[in-house]
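Report on the following structure.
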Amino acid sequence: MKTEIFEKTDEFVLKKAANAIKSGGLVAFPTETVYGLGANALMEDAAKKVYAAKGRPSDNPLIIHLAKASDAEKYCFTSDVFYRLASAFMPGPLTVIMPKKDTIPYGVTGGLDTVAVRVPSHPIAHHLIELSGCPIAAPSANISGRPSCTSFEHVVEDMDGRIDMIIGGGESEIGLESTIVSIVDADHLKLLRPGKITLEMLENEGFDVSIDKAVTEKLSDGEKPLAPGMKYRHYAPRAEVVLLSGDDEAVEKYMLSFTDDDSVAYICFNEYERIKDLKNAKIVGSELDLETQGRRIFEILREFDTTPSIKTIFAKLPPKEGIGLAIFNRMLKAAGYRVIQL
Ligand code: TXA
Ligand code: MG
């Protein structure tokens, strides 16, 4: 398939992209979290094409993207809790799971009776949804199992030749996919995937929040995460990622013991003076700057894929507080849960 590629998205490109979505085509587009691979959420056949383009298992449901929160009425059974969350966090990087209405085909929800709803704040995403006149079902625009795409170039790398159009919007501002919650009752939420909207921010809105086990632990065979996507090996570069748990002194010392080995690489902080200038080291930011780490982590995991001689990547296990929990979750999955306690 010939993919039409536009690095800059102006009014003309947006209209063309909206027409493609309307008529059942696939368009990759920027959002504030990561790039999405969009299709008309009201057309089951369009959703099927998304799964094929990504190589994604068909039981893994898609998020529908809306121009405004009140549009959710048309597609799911909303509640006061939804509107409380919407007034605090939408538009923005929060996805809420609710019982679906018949307007949304099962081909979009992986056969589930619920649907995931998000209202992106990125102006290109917002205008694309408005112009298309339909909800846009969009998973992250990466090939299934690879790190999510946080730049136009990454999308071209993964999707050129597989979809109708790619429209650019520079680097993703957040770099981690949206926070996903399901509503338990008027006071309780369940966190299915952590993101920029943190557990603490949800608690500050007066909710009790429990964390789905799949966020921080490997599930045993037969156990099911609440977000089906959380069970797949994800975000993984070709090399094996190994996380190191311990204080900085111990982590740096451990990393230094491999410097003769060219097949070993490091994800390190600005503060790791003895590591950061090594050939195979990549700096993810300052240790204290979790936002920058979040923005850079997928890009770094992808960069390592361009050096096939690298077989092992060491990184420090992130903290679980604030946006750290989202980075912790993505790194743990990239590492296939391999953690060395130092
Ligand atoms: O930031 C984001 O959310 C990005 C951008 C493009 O908006 N999208 C994204 O989509 O990350 P995706 O498909 O890569 O991840 C969606 C996750 C999956 O883990 C999926 O299992 C879960 O959301 N999900 C979708 N619908 C669900 C539902 N009805 N119930 C439970 N989990 C659901
Ligand atoms: Mg994804």
Side-chain angles (χ1 to χ4, degrees), residues 26-39 41 47 50-51 53-66 72 75-77 89-101 104-122 124-126 128-129 135-150 154-155 158-159 167 169 172-183 189-197 212 214-215 224-236 294-295 298 326 329-330 333-334:
L26 302 188
V27 178
F29 63 97
T31 86
E32 71 278 21
T33 56
V34 297
Y35 275 73
L37 171 54
V50 170
Y51 288 93
K54 275 182 67 86
R56 176 175 174 121
S58 62
D59 69 342
N60 190 2
L62 308 177
I63 296 173
I64 66 166
H65 296 66
L66 307 176
Y75 311 114
C76 56
F77 295 96
F89 303 115
M90 291 182 188
L94 179 72
T95 297
V96 183
I97 312 283
M98 287 173 285
K100 81 175 199 64
K101 289 187 174 169
I104 296 294
Y106 280 107
V108 167
T109 66
L112 297 178
D113 288 319
T114 53
V115 61
V117 172
R118 155 159 146 72
V119 181
S121 62
H122 194 293
I124 294 178
H126 178 81
L128 181 64
I129 301 163
I136 297 185
S140 49
N142 53 291
I143 287 178
S144 203
R146 296 204 72 198
S148 295
C149 298
T150 55
H154 296 166
V155 182
D158 277 17
M159 288 297 150
I167 65 175
S172 309
E173 184 191 321
I174 297 172
L176 298 165
E177 308 87 345
S178 61
T179 303
I180 304 180
V181 296
S182 68
I183 299 169
L189 301 175
K190 190 132 202 172
L191 182 66
L192 310 192
R193 181 175 73 182
K196 173 83 190 290
I197 305 298
D212 190 34
V215 169
K224 280 196 182 147
L226 290 171
M230 298 287 274
K231 72 171 172 277
Y232 296 105
R233 180 155 187 260
H234 230 142
Y235 315 119
R295 194 179 311 123
F298 286 144
N329 165 257
R330 305 315 190 270
K333 296 188 119 226

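Values below: all heavy atoms of this structure, side chains included; hydrogens, waters and symmetry mates excluded. Please read these numbers as outputs of a predicted model, since none were measured by experiment. Order of listing sets the numbers, starting from 1, for every ligand and every atom in it.
Numbered from 1 in the order shown, with element, the atoms of ligand 1 that lie under 4.0 Å from a heavy atom of Gly36 read 6 (C). If you number the atoms of ligand 1 from 1 as listed, the ones under 4.0 Å from a heavy atom of Ser178 come out as 1 (O), 2 (C), 3 (O). Annotation for ligand 1: atoms under 4.0 Å from non-hydrogen atoms of Asn60 are 18 (C), 20 (C), 21 (O). In summary, the atoms of ligand 1 found under 4.0 Å from a heavy atom of Gly229, numbered by their order in the structure, are 18 (C), 19 (O), 20 (C), 21 (O). Per-residue contacts place Glu177 under 4.0 angstrom from the following atoms of ligand 1 (heavy atoms of the residue considered): 1 (O), 2 (C), 11 (O).
Residue contacts with ligand 1 for Pro228 involve both N, CA, C or O and side-chain atoms from C-beta outward (heavy atoms, distance under 4.0 Å). Only backbone heavy atoms of Leu226 (N, CA, C or O) come within less than 4.0 Å of ligand 1; its side chain stays farther off. For Leu112, every heavy-atom contact with ligand 1 shorter than 4.0 Å involves the side chain, none the backbone. Proximity of Arg118 to ligand 1, defined as any heavy-atom pair under 4.0 Å, is confined to the side chain (atoms from C-beta onward).
Taking 2.8 Å as the criterion, Ser144 does not count as a coordinating residue of the Mg ion (ligand 2), since none of its N, O or S atoms falls below it.
For the pair Lys100 and Tyr106, the cation sits on the ring face: its NZ or CZ lies under 6.0 Å from the ring centre, inside 45° of the axis.
Panel note: side chain His65, backbone Val119; no donor-acceptor pair is recorded below 3.5 Å. Not a single donor-acceptor pair under 3.5 Å links the side chain of Glu32 to the backbone N or O of Glu173. Proximity of a side-chain donor or acceptor of Lys54 to a complementary backbone N or O of Asn142 within less than 3.5 Å is detected.
Among Met98, Lys196, Arg193, the residue whose heavy atom lies nearest to atom 11 (O) of ligand 1 is Arg193. Looking at Thr33, Ile63, Val34 and measuring to atom 16 (C) of ligand 1, the nearest heavy atom belongs to Ile63.
Residues Tyr51 and Asn60 bring no donor and acceptor atom of their side chains to less than 3.5 Å of each other. A donor-acceptor pair shorter than 3.5 Å cannot be found between the side chains of Thr95 and Arg193.
In terms of polar-atom proximity, Thr114 is counted as a contact of ligand 1, with an N or O under 3.5 Å from an N or O of the ligand. Residue contacts with ligand 1: His65 is placed with a nitrogen or oxygen under 3.5 Å of a nitrogen or oxygen of the ligand (distance criterion only).
A distance of 11.5 Å separates CD1 of Ile104 from OG1 of Thr114, quoted to the nearest 0.5 Å.
At least one heavy atom of Ile180 sits closer than 4.0 Å to an atom of ligand 1.
Within the 4.5 Å cutoff, side-chain heavy atoms of Leu112 are placed close to those of Pro228. Between Phe298 and Glu177 there is a side-chain heavy-atom pair separated by less than 4.5 Å.
Residues Asp158 and Arg146 are paired through a salt bridge, judged by an N-O separation under 4.0 Å between the basic side chain and the carboxylate.
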